[in-house]
Protein chains: 2
Amino acid sequence: MRFNLADEKLPTAWFNVLPRLAEPMAPPLHPGTREPVGPDDLTPLFPMALIEQEMSPSPWIDIPGEVLDVLRLWRPTPLVRAVRLEKALGTSARIYYKDESGSPAGSHKPNTAVAQAFYNHAEGIKRLTTETGAGQWGTALAFACAQYGIECKVYMVRTSFDSKPYRRVIMETWGAQCVPSPVDDPSSPGSLGLAITDAVRDAATRPDSHYALGSVLNHVLLHQTVIGLETREQLAMAGETRPDVLIAPCGGGSNLGGLALPFVEDADVRLVAVEPSSCPTLTEGRFDYDFGDSAGMTPLLPMYTLGHDFMPPTIHAGGLRYHGDAPIISHLVKTGRMEAIAYPQGKVFEAARMFANVEGRLAAPEAAHGIRAAIDEALAAKETGEERVIVFNFCGHGFLDLAAYDDFNHGRLVDA
Amino acid sequence: MRFNLADEKLPTAWFNVLPRLAEPMAPPLHPGTREPVGPDDLTPLFPMALIEQEMSPSPWIDIPGEVLDVLRLWRPTPLVRAVRLEKALGTSARIYYKDESGSPAGSHKPNTAVAQAFYNHAEGIKRLTTETGAGQWGTALAFACAQYGIECKVYMVRTSFDSKPYRRVIMETWGAQCVPSPVDDPSSPGSLGLAITDAVRDAATRPDSHYALGSVLNHVLLHQTVIGLETREQLAMAGETRPDVLIAPCGGGSNLGGLALPFVEDADVRLVAVEPSSCPTLTEGRFDYDFGDSAGMTPLLPMYTLGHDFMPPTIHAGGLRYHGDAPIISHLVKTGRMEAIAYPQGKVFEAARMFANVEGRLAAPEAAHGIRAAIDEALAAKETGEERVIVFNFCGHGFLDLAAYDDFNHGRLVDA
């Protein structure tokens, strides 16, 4: 059962969680001086509009019409009630998923890519650099840059570059250039931290270029709040007064933030982050200042971290292989507003296969983490006979991640 | 701009074109006796419900509730106005596409796969065999069989099996078995005709098994008419009194039939079939009785054909590599109700890349044929300043066909 919002219900303002936080967040620090970062420190990498959004006290920020025009290609996205999954589980819970997989790039990532490309274009920037893990973000930025005629260079984590050539092909189809990272060590499998270093170094040394980040930063999560804003409207369409629990996979935190932040003030709605056991930032990391990249070029961010030199194993959910987490997400977990849970990938793929069978949707390995947690919430509700309303973010499809399914189907998946 | 039908507007009956044809179609003939085929000749391969549909005089045929329950996972599908494409072309035409790419298998094929699996299941069949070219149909049948707990074996044209391993992985994820065809000649690249022979032979020699075909036959086109029925409603939502021209790629004819058949009686609506120049069945074939497969095991069908021993080149639009065409489509072309046009694949991929850039949608190579023709219709309307209303079927996404885009992007595509 799908709940489609009318086109005119596309949100026209983003929800800014910063002025709504019960406790203020600690500021990012300059990597050299260890003093709070000011706007001037960020101008070599970001346009002023995004720097302002990063620190804005406004509760709502208008979405420019030129951004809405592009978002309308696939938004609003459907909220789907997973009736056949409920039946297969025999649960008393009602399970909904927000389907972000129908975007051009096949994930939630274009929601912010389009906004970032627009603001850079508006300030005269001709070229953007970025990193990408599994390829979802690089694909999204390539699409967004094509909309505004901006050049795009993507540094892709080498292990994904080698195992997912199709991601490169999509980026190239949209006119971007994609190279494996780290650029100076072909023997390294790479990591998001290393690729960020490559991309930041490139942008910082070219005056025509800026850098774009696909997660972690406040303005990225801000742009993703269209997900949660639409979900709230759609739950009302479905006759639900409120969700009991909102669930999303968490790598850097952008799809989770997008779904959850608009519900932060609804005290009785549980918010759940799901991460891989092999990269357990929220569940086993420490809360501290740390660099966003491996080389220590970025500002120090107050976040849960496994250490900026942490090298995660090459699990299939490449988008969740990050040593840190968004400061906003970290803050919510630290202050007890958000829960975190971790799963090994074997249990994640079990859930993904079940979902593919009963709901027909092939999930990206990242998205499958949300499915796993939603199923377990539904089974818990079944135990107690509760009518729990569960919503999870189906943040991307798996058509480009089939090697992972092949490994799982043939018993070759390492259950890390 | 997207036009979403409400869930309750999902058609509940299929549109049967047979009783509406101005001239009756010639009957299929038995391959041995060359007499018209009767229901008994087909019972080793098909359930009685489908045999009846193949010859039914009823203008409407109810869709079973168990089929609707599964179709609702992704239907109704959106009709999208390609505003950004119109702008890029500077055309006075209005261009719409029916987006069938959002199904579980990523194409229109599940529309009939689900119905076929259901009817076989209802008559106690435990196992289905089929062939697949590019893999779209095999994927769809694997999904459908998973819904009813039927075993599924897919014979995949070897050249696609080798070049598109991801298709096999999806089929296996849904529990199907997929093997390369022809099974008895590993040196042959294979063809749809040869794969049909393999699948029919398998089903004919096992009492627990039936055979399922993804295109060509009347009941297959019947099941696809949900596409055109929804499109009619959605055009009305968009404020269009009628389309001027309906366009769809044509391999066996199922996605074209699905879009076009409900408009056959609207005399002022042009219907256009688009095929590859390298397999020009409608544009250069002869109208004659011919076998559906290569070995001559199937009934003789009255259709345009390149000869059942025709071996098409290994172009990227594997789903359009078929020597024949649906008898219904052939009949409409022969009687002048439908036009046909052929394009070399270079021009097709040019259109696909433009579409990916401005509308954000990555088309399957098959679907890209429709885009090419729609663009040319829009450019023709621009010449004359006409307000032409153009609708094409976006019958599948290209996330599993990226090797083709890679060849095109790097100038390696043979422009056959």
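Throughout, a chain's letter reflects where its sequence line sits, starting with A, and its residues are numbered from 1. Hydrogens, waters and symmetry mates play no part in the numbers below; they use all other heavy atoms, side chains included. Remember, predicted model here, so these are calculated numbers, not experimental data.
When heavy atoms are compared at a cutoff of 4.5 Å, B:D69 approaches chain A by way of both its backbone and its side chain. When heavy atoms are compared at a cutoff of 4.5 Å, A:F143 approaches chain B solely by way of its side chain, counted from C-beta outward. Contact of A:A403 with chain B is made through backbone and side chain together, with heavy-atom distances under 4.5 Å. With a 4.5 Å cut-off on non-hydrogen atoms, A:N357 touches chain B through its backbone and its side chain both. Contact annotation for A:S103: only backbone heavy atoms (N, CA, C, O) come within less than 4.5 Å of a heavy atom of chain B. For a residue to count as touching a neighbouring chain, one of its non-hydrogen atoms must lie under 4.5 Å from one of that chain's; by this rule A:L73 touches chain B with backbone and side chain alike.
Between chain A and the options B:E172, B:M1, B:R84, B:H410, heavy-atom pairs under 4.5 Å are most frequent for B:R84. Top candidate by heavy-atom pairs under 4.5 Å with chain A, chosen from B:L362, B:V169, B:D99, is B:V169. Top candidate by heavy-atom pairs under 4.5 Å with chain A, chosen from B:G106, B:A146, B:A356, is B:A356. Most heavy-atom pairs under 4.5 Å with chain B, from the set A:I170, A:N4, A:T173: that is A:T173. For the set B:S101, B:A6, B:G102, the count of heavy-atom pairs under 4.5 angstrom toward chain A peaks at B:G102.
At a threshold of 4.5 Å between non-hydrogen side-chain atoms, the residues B:L402 and A:R167 do not count as touching. When side chains are defined from C-beta on, B:Y166 does not count as touching A:L400, because their heavy atoms never get closer than 4.5 Å.
When all heavy atoms of B:Q147 and A:V358 are compared, the closest pair comes out as OE1-O, 4.1 Å. Residues A:G360 and B:P104 come closest through the heavy atom pair O-CB, 2.9 Å.
Within the 3.5 Å criterion, the main-chain N or O of A:R75 finds a donor-acceptor partner in the side chain of B:R2. Looking only at distances, no side-chain donor or acceptor of B:R168 sits under 3.5 Å from a matching main-chain atom of A:D406.
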